[in-house]
Number of protein chains: 2
Amino acid sequence: MQRKSTTLKDVARIAGVSTATVARVLYNNGYIADETRTRVQAAIQKTGYRVNTVARNLRIQRTASIGHILTGIVPNPFFAGVALGVEQEASQHGWSVLMVNVQGDAQRERLGVETFIQQRMDAIMFTTPVSEANVRLALEAGIPVVQVERPTSIATHMVVVDNYAGSTEAIEHLIGLGHRRIVFIGGDPAVRSADKFFGSYVEEERLAGYRDTLCKYGLPFDERLVILGQYYSMNEPFETDIPLKPLLQGAERPTAIFATSDMLAARVLQEIYACGLRVPGDISVIGYDDTFARYLAPPLTAVQQPMIDLGKTAVRLALQHFQDEETPPAKPWQQVKLPTHLIVRSSTGPVR
Amino acid sequence: MQRKSTTLKDVARIAGVSTATVARVLYNNGYIADETRTRVQAAIQKTGYRVNTVARNLRIQRTASIGHILTGIVPNPFFAGVALGVEQEASQHGWSVLMVNVQGDAQRERLGVETFIQQRMDAIMFTTPVSEANVRLALEAGIPVVQVERPTSIATHMVVVDNYAGSTEAIEHLIGLGHRRIVFIGGDPAVRSADKFFGSYVEEERLAGYRDTLCKYGLPFDERLVILGQYYSMNEPFETDIPLKPLLQGAERPTAIFATSDMLAARVLQEIYACGLRVPGDISVIGYDDTFARYLAPPLTAVQQPMIDLGKTAVRLALQHFQDEETPPAKPWQQVKLPTHLIVRSSTGPVR
DNA sequence: CTGAAAGCGCTAACAT
DNA sequence: ATGTTAGCGCTTTCAG
């Protein structure tokens, strides 16, 4: 907003018409004489006029902007994927997106929401809300909210992933390869106990898929093969040790491991190699997310999350509120569940 | 901007004062009677008033917002790091950031700049501009510009990395371990020939560091050990093959490989393993960026780029324009060069 | 087909 | 210590 730029008024003066007329040619509204249009367009050209969105927004009482709150765009590339999807879909519809990374901090999240309200964002998205209270805050300001991937129990639009199916598909793949002793390793749901989530935790859904699939194929569910820990950190990429060695060096070594993120799977690979084992020769590994799975050695079989699509869908839900502006009968919140896909690469193979 | 929210005027009416008075307590400006302040604060509390930033921006002719254009936040996590740095530093100073991902597309980049101009962003940042013309576009609109990491030849603020030193440090580390046949693998500078860059290409700087260091230690520069290719793609993560096998299976096998990104290094590891070799036993590998280097097997020695700091510094440069508003003698564009650090992990070892 | 004019919600002189 | 008021740049009725 540096040096003063051309205004509509300037253009009008130069073209010798009123501001209303300029606005008409700008938005192709109403009748306008061809000759006038040409004259106005020439003036626009000449001055390099560009509409002042700030003034426009004030006038029309909309900003066509989405505030996007991310738990942490780093270190897990999953979030960058969602952010990209959000931005792409938004800009395709002429919307803008403001982004705030809170790195897991509820206080910063609150500030983000507060700012977004002040900026009069037309919608607010949480790609993984940290605190319920902040979701409520946005809602109370009368702003449509979309929660992505790990919604709280508060009713808003939601777009989630079919974690149960994703997990099921992974385990079935392993069972199909002859595996019977399969480790499940994931973040501990209890860690997020501060908030109540809608439905069940992502991690719980995946665990349920694991358990039910074993059951379905008549395999025993062995609690010792389930490893849950607080492996996620927004700032320090997992310094926590993964208690896998005992299993790997024990008598009844598992033949496959299902990890609930690529980052975790990568750590699992490191542990496996440290024990002198080979993948998939001695043990198969499946990751989740499909972020940098393809870059690991060997290229990792992984449950692919529809990151981009998650973001795009979230935007579509938000835009709905404004599409049919004539239908104020505020439609209820919607929940969309997206499928996952198992990408089979080289980290899984038949059991020996 | 949904349902009509409380305005300053409302608050004034309820508190029984003028809007000017409310503004005074809001910003703690000028004299105000304690009693009045209390009354106003009560009214603010009661109504849940929140300043309308849109109106405010129009009035003060500033937006306190930065438009951030990213070549592609996916797939290289490097960009997410920069984006985080930008956002953190901005919000710490009460600034907002709009983000646009152009995924390497000059057309989309242009649209992004155009939008940012219309939104009256106070500054525009390019984390790796795609096209010179777009940088110029922003500049012509009178908006301060910061180019990050791979600036074009256009003069603006710039924050870059000391690629030469980064490369030098990596090669010295290898030479110190006794390596003499070291492969350099990187993106081909010629690929970006469409634009002229300021100083030299990032890749060229790194190559120069490699070459000069070999020279310094009296080692021969062997062109056959330099592999340059178009390994980067914004959308499909490198499908291109890396022509490394001939070298790995040849007579005089190199004992170390220096790759100019983690993504490339990851691919190199895969090739090495495919040839049945071990790291670092048979061959050492160094990556660049230090994004997911720690997650590879073995954990990768890598030249760490100051991603967050790159972003933060860029914001600081942009803010300078507004700090000392009284000094209109527009100070010249500044260029800041940030250091890299070699993070030694387990992918490098003494030559056998 | 075109123009006049009323604000959107706020800030900052300028008065008092 | 507080109030009045003139815009910021734009959109959109309402008149003609």
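Quick caveat: nothing in here was measured; it's all calculated off a predicted structure. Residue numbers begin at 1 in each chain, while the letters A, B, ... track the order of the sequences.
By the salt bridge (charged side-chain N to carboxylate O under 4.0 Å, His left out) test, B/Arg108 pairs with no residue at all, sequence neighbours left out. By the salt bridge (charged side-chain N to carboxylate O under 4.0 Å, His left out) test, B/Arg110 pairs with B/Glu114, sequence neighbours left out. With sequence neighbours left out, B/Val51 forms a side-chain contact (heavy atoms from CB on, under 4.5 Å) with A/Gln118, B/Tyr27, B/Tyr49, B/Thr53, B/Arg56. Listed by chain and residue number, nothing satisfies the salt bridge (charged side-chain N to carboxylate O under 4.0 Å, His left out) test with B/Glu87 (two or more places apart in sequence, or in another chain).
Below the 3.5 angstrom threshold, one finds no donor paired with an acceptor across the side chain of A/Arg120 and the base of C/dG9.
Residue A/Ala23 is classed as a base contact, given a heavy-atom separation below 4.0 Å to a base. Contacts of A/Ile32 with the nucleic acid, taken as non-hydrogen atoms under 4.0 Å apart, involve only primed sugar atoms and P, OP1 or OP2.
You'll find that the side chain of A/Ala20 is closest to D/dT12, out of D/dT12, C/dA12, D/dG9. For B/Ser18, the side-chain atoms get nearest to D/dT4 when compared with the rest of C/dG9, D/dC8, D/dT4.
Taking every heavy atom of residues 9-17 of chain A and every atom of DNA chain D, no pair lies under 4.0 Å. Residues of residues 36-51 of chain A that place a heavy atom closer than 4.0 Å to DNA chain D, in numerical order, are A/Tyr49, A/Val51.
Toward the 5′ end of DNA chain D lies the nearest nucleotide of A/Thr6, the other residue of the pair A/Arg24 and A/Thr6 mapping further downstream.
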